[in-house]
Amino acid sequence: MRVDAPDAAAMEAFGRELAAGLRAGDLVLLTGPLGAGKTTLTRGIGDGLGVRGPVQSPTFVLARTHPNLVGGPPLVHVDAYRLESALYLDDLDLDFDRSVVVVEWGAGLADGATDSWLEVVIERPEGIAVAPADVADAEHLGADEPRVLELRGYGPRWAGTPFEASQ
């Protein structure tokens, strides 16, 4: 499934829409260059789930758990940018079964953590490049530039949904 997000507000709004279909046990992997909008999308997911905020980049703490304020699952927001292997991700002892887990930079590290996952690849149009001096500032760079999201669901959880990846 392809989604066009013309600006940061649209990215966050799509996160709220996506959250409406997420449930405990869901793993969402976000892939894209620095400044692509991964944290902005996660902020929208958190808002849609009704979790305590603010949802911000967990770059330096690696993972943040946001308790749910409306009786749903918590959001576990992970930044795997600095992790060298899936073993380090396993050391975080994440609660995959009772949470919605969103992992930035998780492709290749977390995609085997559960039998199903939703991959969201975020792309900027050609010609827009970001080379931040500080990874923590990356989410703010190019915030109002358009983005293209490609969503692919893998495993039984996503079978028969609009997100199901073509095999």
Look at the aromatic rings of Phe163 and Trp158 and report parallel, tilted or perpendicular, splitting at 30° and 60°.
perpendicular
Between atom OG1 of Thr42 and atom CG of Leu30, what is the distance when rounded to the nearest 0.5 Å?
4.5 Å
Can you tell me how far CG of Leu149 sits from CD of Glu119, rounded to the nearest 0.5 angstrom?
11.5 Å
Checking Arg147 side chain against Ala36 main chain: does a donor-acceptor pair fall under 3.5 Å?
yes
Test log, rule side chain to side chain contact (heavy atoms under 4.5 Å, CB included), inputs Asp79 and Ser57
CA-CA 7 Å; Asp79 187 327; Ser57 179; 3.7 Å; yes
With clusters defined by side-chain heavy atoms of hydrophobic residues (ILVMFWY) lying less than 4.5 Å apart, directly or transitively, does Val102 cluster with Met1?
yes
Residues Pro73 and Ser99: closest non-hydrogen pair is CB-CA, 4.3 Å
According to a 4.5 Å side-chain heavy-atom criterion applied to Ile, Leu, Val, Met, Phe, Trp and Tyr, with indirect links allowed, do Leu92 and Val76 form part of one hydrophobic cluster?
yes
Hey, does the side chain of Lys38 reach the backbone of Gly32 with a donor-acceptor pair shorter than 3.5 angstrom?
yes
Ala80 versus Leu109, closest heavy-atom pair with distance:
CB-CD1, 3.8 Å
Close side-chain approach of Met11 to Ile122, heavy-atom, < 4.5 Å
yes
As an exercise, state the distance from CG of Asp47 to CG of Leu75, rounded to the nearest 0.5 Å.
11.0 Å
According to side chain to side chain donor-acceptor pair (under 3.5 Å), does anything in residues 14-33 pair up with another residue at least two apart or in another chain? List the pairs.
Asp26-Arg157
Could you walk me through whether Trp105 and Leu34 pass the side chain to side chain contact (heavy atoms under 4.5 Å, CB included) test, one step at a time?
CA-CA 10 Å; Trp105 306 97; Leu34 291 170; 3.5 Å; yes
Between Ser116 and Leu27, is any pair of side-chain heavy atoms under 4.5 Å apart?
no
Value for CD (Glu104) from CG (Leu62), rounded to nearest 0.5 Å, stands at 11.5 Å
Do the side chains of Val121 and Trp117 join up, straight or via other hydrophobic residues, at under 4.5 Å, putting them in one cluster?
no
If only side-chain N and O atoms count, and only distance matters, is there a donor-acceptor pair under 3.5 Å linking Gln56 with His77?
no
Thr65 OG1 to Asp95 CG distance, which is reported to the nearest 0.5 Å:
8.5 Å
Spell out, as yes or no, whether a donor-acceptor pair under 3.5 Å connects the side chain of Glu164 to the backbone of Gly160.
yes
How long is the gap from CG on Asp115 to OH on Tyr154, to the nearest 0.5 Å?
15.0 Å
Mind listing the closest non-hydrogen atom pair of Gly50 and Asn68 along with its distance?
O-OD1, 3.5 Å
Go through Leu41 and Val120 one step at a time and tell me if the side chain to side chain contact (heavy atoms under 4.5 Å, CB included) criterion holds.
CA-CA 10 Å; Leu41 180 64; Val120 181; 4.0 Å; yes
Is there side-chain contact between Leu18 and Leu151, with heavy atoms separated by less than 4.5 Å?
yes
Could you pull out all residues at least two apart from Asp4 that satisfy side-chain contact (heavy atoms from CB on, under 4.5 Å)?
Arg2, Val148
Specify the closest pair of heavy atoms between Ala63 and Leu94, including all atoms of both residues, with the distance to one decimal.
CB-CD2, 4.3 Å
